[in-house]
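Reading through the structure tokens given below for one structure.
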Amino acid sequence: MIERPRRLRQSAAMRALVAETRLHPRELVLPVFVAEGLDEPRPITSMPGVVQHSRDSLVQLSHRAVAAGLGGLMLFGVPEHKDATGSGALDPDGILNRSLGVVREAVGDELVVMADTCLDEFTDHGHCGLLDARGRVDNDATNEVYAAMAVAQARAGAHVVAPSGMMDGQVGVIRTALDGEGLHDTVVLAYAAKYSSAFYGPFREAVQSSLQGDRRTYQQNPANIVESVREIDLDIEQGADIIMVKPAMAYLDVVAAAAARSSVPVAAYQVSGEYSMIQAAAGHGWIDGRAAALESLHAIRRAGAQIVLTYFALDCAGWLAGEH
Ligand code: PBG
């Protein structure tokens, strides 16, 4: 007698019955760019289908995200003026803080509003932190700014602050600052294992990054995984409520290791380059974009991520709604 695993693949209904992972809009988070001074949304050339939002289009998008039943929105701000200390990040009238208020007013508590807690969109040198006299990123001085930024974001309306700068100790400093202001309910989603990745390429266009050089002194080396385990443990010890691995597709082993180890929910970020590769190939007719996107999202869930940040979130919710 031969074993017949194919028995469980004989029909769509049978396959659905025994599927080990399922996608649901509630576990998808859409990253959103909002730029200062726009009247109309502006397309991002290297991310077909993604735009920088104006205030009005941001409100419309927020309502669509609620109607689609998404889990949340992750906001990135693109300021008109940048400076050495990224002061726009702390200003309650800065583009990101203002937009958090706009989104929160539109969605209330219907979905989770998240803020990128990092300085790279706001600094003229494009680094994620402050620079010292020798031009190196000053870890501890940067943490002080992250703490103030997180408080400003929480006050502006963010349910979740998401430190993505990979400074040592950032999660603990942010948690202490939030608690010190009575912001006990603000959730910290820590980019725990974040690699220095070429897959962030299109994001740099999306936020009009002015970075010269690279982030290899603070983001992780793609060659390593043991280091991720350490970063994850440290972030959980410091009070992270959710941890994240980023990028996703090329780091599914890291996602799996995080899921096996973590006592808090694990998220993974399918980054700009992952999105753009699928869109570019699909645009040429070389792959089926929808099938490839769904396959990639299933793979990220299968590896153990409970929450997925993806630029496909709204499309995916639409595909799932049409699927019977
Ligand atoms: C840093 C940040 C980056 C991304 C998210 N947060 C850029 C970087 O680290 O260089 C990349 C996201 C993407 O590529 O989709 N604020």
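Numbering of ligands and ligand atoms starts at 1, following listing order. Side chains included, hydrogens not; waters and symmetry mates left out as well; all remaining heavy atoms used.
- Within the structure, ligand 1 lacks Tyr275 among the residues with a heavy atom less than 4.0 angstrom away.
- Of the possible polar contacts, one joining the Asp132 side chain to the Gly135 backbone as a donor-acceptor pair under 3.5 Å is found.
- For atom 10 (O) of ligand 1, the closest non-hydrogen atom on the protein side is Arg204 NH2, 2.6 Å.
- Residue contacts with ligand 1 leave out Glu274, since none of its heavy atoms falls under 4.0 Å from the ligand.
- In terms of protein heavy-atom proximity, atom 6 (N) of ligand 1 is nearest to Lys246 NZ, 3.1 Å.
- Nearest protein heavy-atom contact of atom 16 (N) of ligand 1 is Asp120 OD1, 2.6 Å.
- Shortest contact from atom 12 (C) of ligand 1 to any protein heavy atom: Phe203 CD1, 3.2 Å.
- Protein heavy atom at the shortest distance from atom 8 (C) of ligand 1 is Arg215 NE, 3.5 Å.
- With sequence neighbours excluded, no residue forms a side-chain hydrogen bond (donor to acceptor under 3.5 Å, both in side chains) with Gln219.
- Between Tyr195 and Tyr251, the angle of the ring planes stays under 30°, which puts this pair in the parallel group of the 30/60° scheme.
- When hydrogens are left out, the protein atom nearest atom 2 (C) of ligand 1 is Lys194 NZ, 3.2 Å; that is the closest non-hydrogen contact.
- Not close to ligand 1: Gln270, with no non-hydrogen atom less than 4.0 angstrom away.
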